[in-house]
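As structure tokens, the structure follows; a few thoughts come after it.
Keep in mind the model is a prediction, meaning the values are calculated, not measured. Every chain is numbered from 1 and lettered A, B, ... according to where its sequence line falls, protein lines coming before strand lines.
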Amino acid sequence: MKLPRAFYDRPTLDVARDLVGKVLVHRRRGLTTSGAIVEVEAYIGESDPACHAAPGPTRRNAPLYGPPGFAYVYLNYGIHYLVNIVTEAERQPAAVLIRALEPVDGIEVMRRRRRRAMKGRRPLNGRSLNTHDLCRGPGNVTMAMGITLAQNEADLLGDELFIEDRGSEPGAIAWSKRIGIRVGIDRVWRAYMRDSTAVSGNEKALTRNAPRR
DNA sequence: CGTTCGATGCACT
DNA sequence: GTGCATCGAACGT
């Protein structure tokens, strides 16, 4: 069942927590890929220095100021697209970054896209791509799912990019500080499935847990 | 194990 | 011109 608009129109930390275990689906050119969300990070408001809304409204961050339940995709480091889910945008600009998935549908399509994205360099020293590595890390998520700027501002209630509740019981969820950022590192706004091997980050990032808030 | 570094594009000041 | 919500190879220990 596709998540309704009301799911996204809630406090961002609640949305982040509840997104873990849901299934992100992308249909593109007749190919369907999907994966269970196992790791997310919240970016909340202009007072969060790591949030793209920190400088106030700009051309790029406009989706953060729009209605909830839409995608915010941007190019990061000139190399990777990162996909966010806009939340309580009517109250304040905020979103949830999708950092890792456990692949479900279209696993061979994901493998192909990951390999194609590594053109020029020898992939993984010749080793093969494990399923739980296909969508491990926010750049890998978009690579494997085929998500680009074309999906920016996509309505998650549409049929191209959306999130489903498939009724599976989510495992234990843990919280930690956000990783890979240089400012706003104090906030404990990263939620992840504790026992999933598809979660990104090193041992330190995983053990640096703290209770929510 | 650990750290460093190159690839690469664009929003923002 | 600066700096980034990255990835993975290539090194050093």
Side-chain angles (χ1 to χ4, degrees), chain A residues 12-13 15-16 19-20 24 37-65 70-87 89 92-101 103 110-153 175-192 197-208:
Chain A
T12 301
L13 291 180
V15 176
L19 277 176
V20 175
L24 178 67
I37 297 170
V38 296
E39 182 188 359
V40 298
E41 280 176 359
Y43 290 85
I44 309 174
E46 296 180 351
S47 60
D48 172 6
C51 181
H52 277 191
T58 65
R59 177 190 219 83
R60 177 173 69 160
N61 67 25
L64 294 176
Y65 290 85
F70 284 74
Y72 169 46
V73 183
Y74 73 97
L75 181 61
N76 176 57
Y77 290 105
I79 305 270
H80 304 287
Y81 298 106
L82 271 56
V83 61
N84 298 255
I85 308 303
V86 175
T87 57
Q92 63 178 333
V96 175
L97 170 69
I98 306 295
R99 286 193 59 91
L101 310 172
M110 291 184 182
R111 232 184 282 276
R112 211 163 64 225
R113 286 175 177 153
R114 286 292 311 278
R115 289 194 173 285
R116 188 177 345 132
M118 296 177 179
K119 68 172 170 206
R121 291 184 284 173
R122 194 184 315 169
L124 300 169
N125 262 344
R127 278 173 285 127
S128 69
L129 235 29
N130 294 321
T131 297
H132 67 265
D133 288 328
L134 289 173
C135 299
R136 190 172 193 268
N140 290 333
V141 167
T142 55
M143 264 185 246
M145 296 283 291
I147 294 172
T148 70
L149 250 27
Q151 279 66 238
N152 189 29
E153 305 195 79
W175 290 82
S176 80
K177 293 179 180 179
R178 296 176 294 185
I179 59 181
I181 55 175
R182 309 178 72 109
V183 291
I185 56 177
D186 48 302
R187 293 162 172 80
V188 183
W189 286 355
R190 170 173 174 259
Y192 59 96
T197 54
V199 170
S200 74
N202 55 30
E203 190 76 22
K204 265 186 194 159
L206 295 177
T207 45
R208 211 194 298 141

Using the C1' atom in both, what is the distance from C:dG8 to B:dC10, to the nearest Å?
-> 23 Å

Could you provide the dot-bracket string of DNA chain B, using ( ) for intrastrand pairs, [ ] for crossing pairs and | for bases paired to another strand, with Watson-Crick or G-U pairs below 3.5 Å?
-> |||||||.||||.

Whole angstrom is fine here: how far is it from [atom1] in [X] over to [atom2] in [N]?
X: A:Arg136; N: C:dT6; atom1: CZ; atom2: P; answer: 14 Å
X: A:Arg115; N: C:dC7; atom1: CZ; atom2: P; answer: 17 Å
X: A:Asn76; N: C:dC7; atom1: CG; atom2: P; answer: 9 Å
X: A:Tyr81; N: B:dT8; atom1: OH; atom2: P; answer: 13 Å
X: A:Leu97; N: C:dT6; atom1: CG; atom2: P; answer: 8 Å
X: A:Ile185; N: C:dA5; atom1: CD1; atom2: C1'; answer: 13 Å
X: A:Arg187; N: C:dA5; atom1: CZ; atom2: P; answer: 14 Å
X: A:Ile181; N: C:dG3; atom1: CD1; atom2: C1'; answer: 15 Å

Phosphate oxygens OP1/OP2 of [N]: is one of them under 4.0 Å from a side-chain N or O of [X]?
X: A:Asn140; N: C:dG8; answer: yes
X: A:Arg99; N: C:dT6; answer: yes
X: A:Arg182; N: C:dA5; answer: no
X: A:Arg60; N: B:dT13; answer: no

Out of [options], which has the shortest distance to the side chain of [X]?
X: A:Leu75; options: B:dC10, C:dA5, C:dG8; result: B:dC10
X: A:Pro55; options: C:dC7, B:dT13, C:dC4; result: B:dT13
X: A:Tyr77; options: B:dA11, C:dC4, C:dG8; result: C:dC4

Would you say that [X] contacts [Y] through its side chain, given a criterion of any heavy-atom pair below 4.5 Å between the two side chains?
X: A:Ser200; Y: A:Ile179; answer: yes
X: A:Val96; Y: A:Thr12; answer: yes
X: A:Gln151; Y: A:Tyr81; answer: no
X: A:Tyr74; Y: A:Leu82; answer: yes

In Å, rounded to the nearest 0.5 Å, how long is the span from CH2 of A:Trp175 to CG of A:Leu13?
-> 5.0 Å

NA contact type, A:Gly78, heavy-atom cut-off 4.0 Å: base, sugar-phosphate, or nothing?
->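 Base, at least one base heavy atom under 4.0 Å.
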
Steps toward side-chain contact (heavy atoms from CB on, under 4.5 Å) verdict (A:Met143, A:His80) | CA-CA 8 Å; A:Met143 264 185 246; A:His80 304 287; 3.2 Å; yes

Which pair of heavy atoms, one from A:Asn152 and one from A:Pro63, lies closest together, and at what distance?
-> OD1-CG, 3.8 Å

Base B:dA11 to side chain A:Asn61, donor-acceptor N/O within 3.5 Å cut-off =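 It does not, because no donor-acceptor pair links the side chain of A:Asn61 to the base of B:dA11 below 3.5 Å.
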
Can you name the one residue among A:Arg99, A:Glu39, A:Glu41 that meets side-chain contact (heavy atoms from CB on, under 4.5 Å) with A:Pro138?
->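 Running side-chain contact (heavy atoms from CB on, under 4.5 Å) over A:Arg99, A:Glu39, A:Glu41 with A:Pro138 returns exactly one hit, A:Arg99.
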
